[in-house]
Colleague: 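Have a look at this one before I ask anything.
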Amino acid sequence: MNTFKLTNKINILSILAVLAYALLIISSIIDGKEDFTLGFNAARYDKESKSLVGHEIHFVSLKSKSGVAHFPETIEGKLSDIKYPAKLTTIKVIRPTEPEVDKQIIAYNIAGVLLIILYIIIIVLLPIHFFMLIGALKRNEIFSSNNIRMVRFLGFELLSIYAISFCINYLEFKTNSILFNFTDYEIARAQTNALFLVLGIAILVIGEIIKKGEEIKTDTDLTI
Amino acid sequence: MPIIVNLDVMMAKRKISLNELSNKVGITPANLSILKTGKAKAIRFSTLEAICKELNCQPGDILEWAEVE
């Protein structure tokens, strides 16, 4: 009966995990659809001139040059004639490809592409390792060396997601600092969501708890 | 491990096999083998009592402490 309840709980949790992960992927696709379409149509390699032609899209984070209380823009009120102060925090810039300019940022672009490839690999591995862990739990293997390994993989994958996002934001910041200049704003580095950092550390702690559990189980199994 | 299990010696003296002893004591042959080969981490008093009763010996006849250098 207890095993049946545990199996049911694991089944429900695994279904919820699939739905949550699917929702995450779908919402990322929907949020990024416009950017993807812009980027897909923006730049292409021209064989004749042997260079990128078209445009590149840049995502730029901004902060006011004169401090947090400075609102350089204005926006008209809809219900009155008053103009309200406003400021921009993120913008998208379409920049035509310029070979001489692109040469200066090529290193950042290459690094960015490599990081994105790594990011995609981790995004694919994360659910695989998670469902391997779920499969082991369904077989009633809880405190095993394989599970400890899976949990550690999950922890390091989550930490890697944070690290890669941090690096991508830094590369964007460096690229944008080279390319753009604003009168009222300075280029800012986009904030990286520390949730993955916290989750990764928490998962690694759980891994250590499972390791301790494995040691206790071994002692119990070898108590005659 | 400093605790040496001399179960095989006592079993030879009493001329009893592993399977026979495991049936009489009420533990599996696999567990008894773990104990005999010194791989066990601990032994319950109830198990020790059952073994001593079947082999008609003292716990000291089965368990021995030797300093590991």
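Hydrogens, waters and symmetry mates are skipped; everything else that's a heavy atom, side chains included, is used. Naming convention: chains lettered A, B, ... in sequence-line order (proteins, then strands); numbering from 1 in each chain.
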Colleague: For each of Asn31(B), Ile34(B), Leu32(B), Leu35(B), tally heavy-atom pairs with chain A at distances under 4.5 Å, and name the one with the top tally.
Modeller: Asn31(B)

Colleague: Should Lys212(A) and Glu215(A) count as an ion pair when the cut-off is N to O under 4.0 Å?
Modeller: yes

Colleague: Answer yes or no: are there more than 12 heavy-atom neighbours, outside Tyr170(A) itself, under 6.0 Å from its atom OH?
Modeller: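 For Tyr170(A), atom OH is not crowded (no more than 12 foreign heavy atoms under 6.0 Å).
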
Colleague: Can you tell me which of Thr220(A), Asp219(A), Asp221(A) forms the most heavy-atom pairs within a distance under 4.5 Å of chain B?
Modeller: Asp219(A)

Colleague: Is a side-chain N or O of Asn23(B) found less than 3.5 angstrom from the main chain of Glu20(B), in a donor-acceptor match?
Modeller: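 Checked: no pair found.
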
Colleague: Using heavy-atom distances under 4.5 Å, tell me whether Ile27(B) contacts chain A through its side chain, its backbone, both, or neither.
Modeller: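 Looking at Ile27(B), just its side chain touches chain A.
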
Colleague: What do the steps show when you test Arg95(A) against Val101(A) for side-chain contact (heavy atoms from CB on, under 4.5 Å), and what is the final call?
Modeller: CA-CA 11 Å; Arg95(A) 182 182 66 86; Val101(A) 173; 3.7 Å; yes

